[in-house]
Asker: 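Mind looking over this structure? Questions follow.
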Number of protein chains: 2
Amino acid sequence: MLTERQLLILQVIIDDFIESAQPVGSRAIAKKDSITYSSATIRNEMADLEELGYLEKTHSSSGRVPSEKGYRFYVDHLMSPFDLSKADITFIQDAFTYQMLEFERVVQQSARILSDLTNYTSIILGPEVYETKLKQLQIIPLSNYTAVAILVTNTGHVEHRSFTIPVVIQPVDLEKMVNILNEKLYGVAIIDLHRKLRTEILELLRKHTIEYDKAYQYLQAALFEEQSSKLYVGGKTNILMQPEFKDIDKVRALYSMIEEEVEIAHLLRNDTEDIKISIGHENEVSAMQNCSLITASYSLGDDQMGTIALLGPTRMEYSKVISLLNLLSNRMSQTFQSWYYSGPDGKQ
Amino acid sequence: MLTERQLLILQVIIDDFIESAQPVGSRAIAKKDSITYSSATIRNEMADLEELGYLEKTHSSSGRVPSEKGYRFYVDHLMSPFDLSKADITFIQDAFTYQMLEFERVVQQSARILSDLTNYTSIILGPEVYETKLKQLQIIPLSNYTAVAILVTNTGHVEHRSFTIPVVIQPVDLEKMVNILNEKLYGVAIIDLHRKLRTEILELLRKHTIEYDKAYQYLQAALFEEQSSKLYVGGKTNILMQPEFKDIDKVRALYSMIEEEVEIAHLLRNDTEDIKISIGHENEVSAMQNCSLITASYSLGDDQMGTIALLGPTRMEYSKVISLLNLLSNRMSQTFQSWYYSGPDGKQ
DNA sequence: GTTAGCACTCGATTCCCTTGAGTGCTAAAT
DNA sequence: ATTTAGCACTCAAGGGAATCGAGTGCTAAC
C-alpha cells in the first residue's frame, strides 16, 4: 500500500511528465509548491516507487518516467478531474447549435472538435446501420439503362448506388416494384431488410413482375453492399506533433494500422456506458503499444449507437480527454435524441 | 546546344538518380552498358552539364544530382516512354470492369489505383457539379419536424441534406413545392438552379404556397451549400516512404498543405487536354517546392470534368506516372462516356 | 579527343573528452 | 526514526579531432 506522500509524489511526477514529456528529476519535484520535502527525500520515495513498478528510468542516471502500471494507477486513483475551459465549452456548444441535422455531419464535426481541442487523433465509429429503420426506398432512372437506387433511413441517413437496369425489366415493372417494396418495408430495420426481402416479399413480387429473380439480385447488389459501420478519423496529422512520434517509422506503423478499418472498428467497439481506457500494452495491436486509446460511447435513447475515441501517446492528458469525451458523447446522444422527441426546432 | 553524348549522359544520370535517390558518380555511369567512355570523360561532361545548370552537386566532392532545370529538360526531351507492365494494365482493367456505376466510386477507385501503383500520393479533383443537370429533386419527411432533401443529377450523383421544416409550412405545401420544382427544373444545369429558382420559379410558387420566402430559404440552405467540387486523396501515407521525406517537418508542411482543399483545388485545375507537369519551384506553394505535381484531365465527351494528379518528390518516375495518368484518365473518360451512349451493359 | 593517374575535398563515421542533470548512498541533523 | 545535506558516481548529449572513402578536377600522356 502506498503512503500519502508516495501518492502525492507519484501524482506530481505524472502530471509533470504529461505536460513536459521530459523525464522528471527529484529536484524539479522538490521545487513544486505542493511538495515540502527535500530532493533527497523525493529521491528515496522515487526509488521505492520505481521498485513497486510505477516509475521507470530511461537510463541509470536519468529522471523518472511513468510506467504503464504508473499510468494505470494514475487514471484509476490519482488524477484530478479536469475543468474544461469556458472557451472550449462554448466552442463545443456553438458547434452543436448550428444545423446539426445529419448523422454524418454530427459525427464529422465531433471528430473534428475532438482532434482540434486535444491535438490527438480522434476516431469515431459510426452506428451499425442495421439498427436504423427504412424510411423510403426510391429508384430514379438516369438513362434507359441505368438508375440510381436511394435508401433513406429514419436517422436521415441516405445510401445510394447506381446500377444498370437489366434489359428484361421494364421501367413500369421497376416502378411497381418500388411501390410494393415501400409499402411492405416501411419502418423495417435495415438489418432485417435482407431476410424480409427474401421471404415475405418474394411471393408478392412474383405476381407483379416477371423477372423477379433478376430484379432481386440487382436490387440487392445496389443496396446492401456496404452496410458496415463507417469510421471517421480526425486530426490524423496531430500524431506528427507528438514528440514521441518524431521517429517516422512509428508514424508509419500507426498510420497503416489506422487504415485497417475493420480491425480498428473491432478494437474500438465499446459496449459499456463507461469510458474505457487502454494504456500502452493493454492494447493488443503492436503498433498501438506506445499509445493510449480512450473510448466512450454515444447512444440514442437506450440503444448504443457507436463509439468515439481518442488516440494519443501513453503520455496523454487523460483527465482532459475524459472530460471532453464525456461532454461530447453526451452532446451527441442528446442531439440524436432531439431528432426524435423534441419540438419543432429540433433543439432541446 | 547539347551534344549527343551530353544528352545520353544526362539521361542516364537522371534515370539512375530517379531509381536510387543517391547522388550519381562518374564511375557508376561509366560502368553502364550504354556508356562506352571512361569515368574521366564522364567527369568532364558532367562538369559541363553542371555549368549549364542541368546538374548539381550536394557538396563539392559529391556525385551529381539533377537540378530542376535538369528534370525539366528530361521530361521535355529525354525521357523514354514507359511501358506499363502487363500486370499493371490488367489490374486497372479489372478494377474498371466490375460495377463502376457511380461517380464517387470511379474516382475513389482511380485514386487508389494511382497511389498503389506508384507509391506517390494521388489527388483527384471532382467535377464541378455545376456542369451536371438536375434529374430529380425529392423531399422525404423523417418526422413531423425534419425532412431530408435529395438531389439527383444525370451523372448519378446524389446530394442530400437534412433540415428542419419551418412550422409555417404544411406537408402538403412541401409536396406541392417539390412537384413544381421537379416539373420546372428537370434537366436544368446545377449551376443555373440558383438563378432559376430565384427568378422564374418564384412567381409560380407564390401562387401555391403562402410561405414561399421561408421555404425558399430553407431549400436553398438544404441543397446548395457545398457544391464546391470535391477532392479525393489516395495514398497520403506514401509520402512517408520517400527518402526525401524522412524529415518529419517537411511531411507536416505537405500534409497541412493537402488539407487546404480550396487551395489545392485551385492548383490542380488543369484545363488543357494535355498532361501538365510542375517541377519543384514551378509550383507556387512553398510546401510543394521539393515536389513535382503531374496532372491530367478527364472528361465527358467534349466537356472537361476534372483533374487527376500525382504528387511526389521531384525525383519522380515521370515516365511511368505519365503513362499511368494517360491510361487512367482515358479509362475514366470512357467510363463516364459509356454511361450515356452505350449499350445496356454499360460496357464498351 | 580520350583516358589514366593523382592530389584534393568533404560528408560520414568513430572515438574521445567534457559537461551537466540526475541518481544512490552515507552520515549528520532533527 | 525521519529527513536532509553532501558527495561520488553514471550516463546521454554535444563538441572536436582523426580516419575513411566516394567522388571530383586537373594534368599529362595516349
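Naming convention: chains lettered A, B, ... in sequence-line order (proteins, then strands); numbering from 1 in each chain. Just the heavy atoms: all of them, side chains too, but no hydrogens, waters or symmetry mates, feed the values below. Note that the structure is a prediction, hence the values are computed from the model and not measured.
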Asker: I need the residues from residues 34-46 of chain A with at least one non-hydrogen atom less than 4.0 Å from DNA chain C; give them sorted by number, or say none.
Answerer: A:Arg43, A:Met46
Asker: Would you compute the distance between atom CG of B:Leu293 and atom CD1 of B:Ile264 and round it to the nearest 0.5 angstrom?
Answerer: 7.5 Å
Asker: Judged by modelled atom types alone, do A:Ser292 and A:Tyr318 share a side-chain donor-acceptor pair under 3.5 Å?
Answerer: yes
Asker: Looking at residues 57-69 of chain B, who's got a heavy atom less than 4.0 Å off DNA chain D?
Answerer: B:Lys57, B:Ser61, B:Ser62, B:Gly63, B:Arg64
Asker: Using a strict cut-off of less than 4.0 Å between a Lys/Arg side-chain nitrogen and an Asp/Glu carboxylate oxygen, indicate whether A:Lys236 and A:Glu259 qualify as a salt bridge.
Answerer: yes
Asker: Between C:dG22 atom P and A:Phe17 atom CZ, what is the distance in whole Å?
Answerer: 13 Å
Asker: When the distance from CD of B:Glu56 to P of D:dG23 is rounded to whole Å, what number comes out?
Answerer: 18 Å
Asker: Which parts of residues 6-16 of chain A get close to DNA chain D, meaning a heavy atom less than 4.0 angstrom away?
Answerer: none
Asker: Taking atom P of C:dG11 as reference, at what distance in whole Å does atom CD of B:Gln22 sit?
Answerer: 15 Å
Asker: Can you run down the salt bridge (Lys or Arg N to Asp or Glu O under 4.0 Å) pairs that involve residues 48-57 of chain B, sequence neighbours left out, and say none if there aren't any?
Answerer: B:Glu50-B:Arg64
Asker: Roughly how far, to the nearest 0.5 Å, is the CD atom of B:Glu45 from the CD1 atom of B:Ile9?
Answerer: 4.5 Å
Asker: How long is the gap from CD1 on A:Ile113 to CG on A:Leu324, to the nearest 0.5 Å?
Answerer: 9.0 Å
Asker: State which residues pass side chain to side chain contact (heavy atoms under 4.5 Å, CB included) with A:Asp247; sequence neighbours excluded, sorted by chain then number.
Answerer: A:Asp249, A:Lys250
Asker: Would you give the length of the straight line joining atom CZ of A:Arg252 to atom CE of B:Met241, rounded to the nearest 0.5 angstrom?
Answerer: 5.5 Å
Asker: Rounding to an integer number of Å, can you tell me how far B:Arg27 CZ sits from C:dT3 P?
Answerer: 15 Å
Asker: If you count the non-hydrogen atoms of other residues, nucleotides and ligands that lie under 6.0 Å from CZ in B:Arg112, is the total more than 12?
Answerer: no
Asker: Starting at CG of A:Leu55 and ending at P of C:dG22, how long is that distance when rounded to a whole Å?
Answerer: 15 Å
Asker: Rounded to the nearest 0.5 Å, what separates atom CG in B:Asn330 from atom CG in B:Leu325?
Answerer: 10.5 Å
Asker: If you look only at distance, which donor and acceptor atoms sit under 3.5 Å apart when one is on a side chain in residues 21-34 of chain B and the other is two or more places apart or in another chain?
Answerer:
| unit_1 | atom_1 | unit_2 | atom_2 | d |
| --- | --- | --- | --- | --- |
| B:Ser26 | OG | B:Arg43 | NH1 | 3.2 |
| B:Lys32 | NZ | B:Asp16 | OD2 | 2.7 |

